[in-house]
Amino acid sequence: MESKIIRQKYIEFFKSKEHSYVPSSPLVVQNDPTLMFINAGMNQFKDYFLGNKVAPWPRVANSQKCLRVSGKHNDLEDVGMDTYHHTMFEMLGNWSFGNYFKKEAIQWAWELLTEVYNLPKDRMYASVFEGDKGDGLAFDQEAFDLWNAIIPAEQIIYGSKKDNFWEMGDTGPCGPCSEIHIDLRPQSEVDTVPGRDLVNNDHPQVVEIWNLVFMQFNRMADGSLKPLPAQHVDTGMGFERLCMAIQQKTSNYDTDVFTPLIEAISAEAGVKYGENAKIDIAIRVIVDHIRAISFTIADGQLPSNNKAGYVIRRILRRAVRYGYTFLNFRDPFLFRLLPILADQFDGVFPELKSQQDFIARVIMEEEISFLRTLENGLKSFQQIKETLRGDTIPGNLIFELYDTFGFPYDLTALLARENELQMDEAGFKKELESQKARSRKAAEQEKSDWMIVSNDTDVEFVGYDNTEASAKLLRYREIKEKGGTYYQLVLDKTPFYAESGGQVGDSGRLICDDESIEVFDTKKENDLIIQFTKKLPSDLEANILCQIDVEKRNKTRNNHSATHLLHAALRQVLGNHVQQKGSLVNSEILRFDFSHFSKVEESEIIRIEDIVNRKIRENVTLDEKRNVPIEDAKTLGATALFGEKYGEFVRIITFGQDFSVELCGGTHTPATGNIGYFKIMSESSVAAGVRRIEALTSEGAEQYMREKEEILNEVQQILKGPQDVKKALNQLLEDRSNLQKELEKLHLDKASGMKDELKQKQSIHAGMNVIIEQVSLPNADALKKIAYELKNEVENLMLILACEIDQKPMIAVMVSDELVKEKSVDAGKIVRELAKHIQGGGGGQPFFATAGGKNLAGLPQVVAAAKSMIKEIL
Ligand code: SER
């Protein structure tokens, strides 16, 4: 059964059991401080489990893109080493939101595995939770009984909290689980060692394929468990492992999910998969990582130097390193896999195909720059080797290679072995630890659990229509940080817009009786709207009047609407390949990042500004539609963003049906005329294939233009008059260049006059024509010129000049070649000796040397010292 069919059958099976199909959410998590990447199918449903929101469907099935490379679930270091872990994988899931529970979950799982996929019944094992004293949890008898009605007790295994109690992170929804494991070994091996002994023992062919979680608790920040308002089912089946089992392979990498990629990379490297352990690991790392990297970029996360972007950069570098070290790639190679990958997922995850060129470009540029870093790192290793005392590389240098050049310990160890050097592993670990401690300290934050004031959970956002609302406090928590303590408040009703879609959160005030509490920011956590304050209301149950800062909001919404106009104009002028890659909208400016491969020309900028300003003058009215079914929105041709999580129902913002139609949750101006005026301040590059425009609107734009005008006026005044400024400036520049030429000529004349004077002053000593003088010259060139000319004109010359140039001392010594040869005079030596008097140093050749210094007052001493020095030369 092909992998595409396996996936399809899963969805069909659960549709037949009345589940709704829900698409995968994007990999990069946007509004959840506890999570960077989606690490399980349940993430997008977290609020339904916690009871923060009511699920729109009782039962759901999906295939979720997951990434386990950070936080509680991190498999990165295993990937490639074994044959069944991945960074990015697909998780097939079925869900019940307060609907069915253990019975159906277990029975359907068994029906699908044995009747649809025809997996062998006697080769599967189910684990059940044995209970945990610490958490006060009992053995899961119910799950045991349900399983025992299907399989013999020998196929049921008891699992501890570690294996059979599933938690998303340190806090959040959790519950006991029942895992299904499969034994894929040949019969001869099964006959000697029974499969049940190998379950949960890291055996590559006795693996977990499905996890059925029975969500019942919320893990609190203090470690305690709180029962959830309802019981739910969350199941997750590793799609790649399922394919291995059904396709009767012994490795995920031997299924058709990976073989096309493996063939391509082997051909490119001129090797064969399956012949050499090290090469095989490298190939597995590469074909695994390219998926994680590509999907994350497709979902809007570019490689960068912090947070999610940095994780992606590190995964990409891990792949490049393996290719470099074991497959001998010296040029970018990862990006070449993109067409194969995009074809594989066509129709399943279309975001790859539709952004194929962009993703490839981003990856290629990253590869180029990291390959350069690698080369530099190798050079640095070479230097370390050459300057090493003893044969052990100290920990701090290993750390430096790691930190600056991205050389993991293993790579340096490999190089060390090749060069017969030892590694100070303990020293390295110490450096690593102290770096970790430093960053922990920087990020330290103490968050209390939510304090519940009211058991209501519904939060209503009224900020599209109102700037004020009367509200009640639902819950709050305290956050302690280095900078002080503040509070996060959840209200039942709020006009405060929470930061999202690039638009900053509202600020304003909460009025409770005669108290006024400042709201300094508003953010989202999943779908919860949280207002930030420095104080709590003294009466937690009082009526609260919420007022947003209207002026800030109005400026912000002008900028947000202008961003939509800009987006549309960019597509008109540059082409339809332009896609939003990020944005920032606040009351001051708007910033828009988009995919485009070259600089936006000045003439294009002008056309873009013209289009936007025309739309402003047309005073196009806002057409806002809420709660549109997502399918209808797509039919309308509304622009959606990759990486944005859209629900069943969306909001459409239209400024002119044939101009700008976007899915957007932000606040907008009722008519474009309010934007007043639009001005682009800058256009630049932010990453490979991504450009950034920063622009201003309304008062901000006027102010900007006024400042430019003021500068121009001032320049005009300085130039004394209302004449043509451009012409006047050009004239000025021309005059300046003429004057410069004249000045240079004067300097030369002066130098040649001085040369003649110096010639007069020569005295004879021990067969040398000696000139020792203190002079002043305009620049070092003139000094050099005089010295060389005198050398040509005076035989047996011994010239020492102590010279002032631009208030700095300089010494020049010029000696005829005959003297160098016959008397072994060395100008370099002389200059070094004399330089002491001006607190300087220098050198040169035996016939000519110079020195600069700090002490101008030492020049007369230079002359005196030179004279006595000469006397000594006989
Ligand atoms: N949440 C569980 C897991 O990720 C089942 O989906 O394994």
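Indexing begins at 1, ligand by ligand and atom by atom, following the structure's order.
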Could you pull out every donor-acceptor pair under 3.5 Å between side chains of residues 202-211 and any protein atom, sequence neighbours left out?
unit_1 : atom_1 : unit_2 : atom_2 : d
H203   : ND1    : Q205   : N      : 2.9
W210   : NE1    : T235   : OG1    : 3.0

For residues 119-126, dump all side-chain donor-acceptor pairs below 3.5 Å to protein atoms at least two apart in sequence or in another chain.
unit_1 : atom_1 : unit_2 : atom_2 : d
R123   : NH1    : D183   : O      : 2.9
R123   : NH1    : R185   : O      : 2.8
R123   : NH2    : R185   : O      : 3.2
R123   : NH2    : Q187   : OE1    : 3.0
Y125   : OH     : R196   : N      : 3.4

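Aromatic ring centres of H19 and Y100: separated by under 6.0 Å.
The side-chain tip of R68 does not point at the ring of F89 from less than 6.0 angstrom away and within 45° of straight on.
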Inset, instruction - Could you walk me through whether K161 and D135 pass salt bridge (charged side-chain N to carboxylate O under 4.0 Å, His left out), step by step? - result: CA-CA 9 Å; K161 176 172 162 181; D135 276 331; 3.0 Å; yes

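Remark: F649 engages N627, P629 in a side chain to side chain contact (heavy atoms under 4.5 Å, CB included) (not counting sequence neighbours).
At a heavy-atom cutoff of 4.0 Å, ligand 1 is surrounded by A40, M42, R68, M91, W166, N211, V213, D234, T235, G236.
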